[in-house]
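Each remark here refers to the structure printed beneath this line.
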Amino acid sequence: MSNHTAAAEVLLERKGCAGVITLNRPRFLNALSFNMIQDIYPQLKKWEQDPEIFLIIIKGAGEKAFCAGGDIRAVVEAVKSAPKEAQDFFRREYILNNAIGSFQKPYVALIHGITMGAGAGLSVHGQFRVATEKTVFAMPETAIGLFPDVGGGYFLPRLQGKLGYFLGLTGFRLKGRDLVMLEEDLLALKSPSKENIADILETYHTKSRIDQDKSYIFEHMDKINSWFSANTVEQIIENLQQDGSPFALEQLKVINKMSPTSLKITLRQLMEGSSKTLQEVLTMEYCLVQALMVHHDFHEGVRALLIDKDRSPKWKPANLKEVTDEDLNNYFKFLGSNDLKF
């Protein structure tokens with residue numbers, strides 16, 4: 001089967017033994033739209049039941065991005081004009097994230113280029129992720145008054161040490177190591193098992209490790225683990241100030257630009273998510289996003305970074321002290337009959 005039209009935002013094709021998903025909005029860095037979610041989910045479910053489909057490959061069109069995030073500008077417009085549509089976007093997106101996380105066949109994400117936010121949700125929860133020398137991975141949501149959603153509360157605290165806390169709070173961009181694209185090899189497999197795919201990936205991974213310099217960020221892991229082990233954002237900031245090294249001061253400068261509300265929500269989200277299942281995390285994140293998408297900081301962050309592009313958001317509250325425990329508890333309240341259901 002094939003879904004090829006001039007305007008298709010996502011291409012869904014069967015190639016050999018594989019179902020291939022191509023995010024097809026290269027001009028918009030393959031930002032995930034509501035229509036794309038609606039197209040991908042049912043096809044994924046069909047392929048899961050199809051005995052002739054042995055694996056899924058998901059990739060982005062063009063050379064710049066796998067998926068740079070959700071179509072946030074469209075979400076902001078929907079919040080103003082049709083709030084139910086905005087709620088629906090996140091509900092269906094999180095249900096898709098869960099479907100990827102529980103998918104019963106090998107799921108291979110070729111994360112070439114920019115992979116952020118929603119792009120992480122489409123890739124990280126699957127069994128295999130393939131980075132290339134052009135991969136840039138980040139969860140930059142605290143800069144727009146949100147939090148690292150799409151299951152960020154599940155996968156970030158499970159990264160090595162406190163790396164996930166660092167990434168979630170600062171939006172730091174990780175660069176992919178050299179990795180040769182291997183789609184052709186995967187497509188050539190006749191009826192591959194999970195082990196077959198893992199073996200091929202390991203072959204490429206071994207090739208790519210030869211003469212590779214140690215990743216820049218891992219040089220700082222001991223300090224990151226120490227700074228971000230704190231239980232409050234205020235203590236993390238104090239740790240960075242006390243360290244005073246150029247790298248610490250660089251991260252301090254970044255954190256001080258983020259929404260104070262988003263920072264406190266993110267730290268609690270990651271701490272709570274560290275002991276929850278993916279479904280439990282997505283249910284929690286759905287509550288959070290319902291509250292934050294009508295919050296001042298989300299609209300102000302999108303205005304400052306994506307619309308006016310003045311990069312000078314005016315956060316409310318403007319500092320961490322003003323974000324109380326009571327505020328936080330309200331954001332984390334469940335929605336009862338409106339909770340996310342899978």
Side-chain angles (χ1 to χ4, degrees), residues 9-12 21-41 43-44 56 58-62 64-79 85-101 103 107 109-126 129 131 135-156 164 167-168 171-174 176 262 266 269 273 278 281-286 288-290 292-293 298 301-302 305-306 340:
E9 294 185 335
V10 60
L11 308 178
L12 303 163
I21 302 167
T22 307
L23 309 175
N24 193 37
R25 301 181 74 202
R27 281 183 56 220
F28 302 99
L29 301 179
N30 298 319
L32 185 67
S33 70
F34 185 72
N35 288 339
M36 293 164 80
I37 296 167
Q38 283 189 303
D39 287 347
I40 294 170
Y41 179 79
Q43 187 59 61
L44 207 53
I56 303 299
I58 184 168
K59 60 182 181 173
K64 291 184 178 177
F66 168 69
C67 172
D71 194 343
I72 292 298
R73 288 180 69 159
V75 171
V76 168
E77 288 306 312
V79 170
E85 284 182 23
Q87 291 172 3
D88 230 24
F89 175 87
F90 288 109
R91 183 174 62 81
R92 289 175 183 263
E93 181 183 21
Y94 293 0
I95 288 170
L96 174 58
N97 298 149
N98 180 66
I100 293 167
F103 201 70
Y107 180 101
L110 304 179
I111 52 172
H112 179 67
I114 300 166
T115 303
M116 297 184 184
L122 291 174
S123 57
V124 167
H125 301 302
R129 283 79 55 192
T135 301
V136 178
F137 182 93
M139 297 297 285
E141 288 82 2
T142 53
I144 57 164
L146 276 179
F147 60 95
D149 67 330
V150 297
Y154 180 78
F155 69 82
L156 287 173
L167 296 177
F172 189 91
R173 298 182 174 200
L174 288 178
S262 291
T266 296
Q269 168 211 4
L278 177 57
V281 165
L282 290 168
T283 302
M284 172 181 71
E285 291 179 356
Y286 186 69
L288 291 172
V289 83
Q290 295 310 302
L292 287 185
M293 73 181 181
F298 175 47
V302 171
L305 268 78
L306 302 178
L340 182 65

>> With side-chain contact (heavy atoms from CB on, under 4.5 Å) as the criterion, how do L340 and F90 come out once you've worked through the C-alpha distance, each side chain's angles and the decisive distance to 0.1 Å?
In response: CA-CA 10 Å; L340 182 65; F90 288 109; over 6 Å; no
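Proximity of M139 to F147: side-chain heavy atoms (C-beta onward) are nowhere separated by under 4.5 Å. Side-chain contact between Y107 and H125: absent, with no pair of heavy atoms (C-beta onward) separated by less than 4.5 Å. When side chains are defined from C-beta on, V76 counts as touching F298, because their heavy atoms get closer than 4.5 Å. Residues M293 and F89 have side chains not in contact (no heavy-atom distance under 4.5 Å, counting atoms from C-beta outward). For the pair M36 and D71, the minimum side-chain heavy-atom distance is 4.5 Å or more. Side-chain contact between P140 and M116: present, with at least one pair of heavy atoms (C-beta onward) separated by less than 4.5 Å. Counting heavy atoms from C-beta outward, V124 and V150 have side chains that stay 4.5 Å or more apart. In this structure, the side chains of I56 and I100 stay at 4.5 Å or more apart for every pair of heavy atoms.
Atom CG of residue L122 and atom CD1 of residue I21 lie 8.0 Å apart, to the nearest 0.5 angstrom. For the atom pair CD1 (I58) and CG (L23), the distance works out to 4.5 Å, reported to the nearest 0.5 Å. Note: E285 CD to L146 CG = 11.0 Å, rounded to the nearest 0.5 Å. Interatomic distance, I40 CD1 to L96 CG, rounded to the nearest 0.5 Å: 6.0 Å. Annotation: the span from I114 atom CD1 to L29 atom CG amounts to 5.0 Å, rounded to 0.5 Å. A distance of 8.0 Å separates CD1 of I144 from CG of L305, quoted to the nearest 0.5 Å.
Of all heavy-atom pairs spanning P26 and A61, the tightest one is CB-O, 3.7 Å. Closest of all the heavy-atom pairs between A118 and G69 is CB-C, 3.5 Å. Across every non-hydrogen atom of L292 and G145, the tightest pair is CD1-O, 4.0 Å. Shown here for N30 and F66, the closest heavy-atom pair between the two residues is CB-O, 3.2 Å. Residues G121 and N97 approach most closely at O-ND2, 3.3 Å, considering heavy atoms. Heavy atoms only, all atoms of each residue included: G151 and V281 are closest at CA-CG1, 4.2 Å.
For E85, the CD atom sits in a loose shell: 12 or fewer heavy atoms of surrounding residues, nucleotides or ligands are nearer than 6.0 Å.
Between the side chain of Q269 and the main chain of P148, a donor-acceptor pair closer than 3.5 Å is present. A donor-acceptor pair is defined here as one N or O able to donate and one able to accept, closer than 3.5 Å; such a pair exists between the side chain of R25 and the backbone of A31. Judged by distance alone, the side chain of R92 and the main-chain N or O of F34 form no donor-acceptor pair under 3.5 Å. A donor-acceptor pair under 3.5 Å links the side-chain atoms of T135 to the main chain of I111, judged by distance alone.
The list of side chain to side chain donor-acceptor pair (under 3.5 Å) pairs with a residue in residues 146-155, not counting sequence neighbours, reads Y94-D149.
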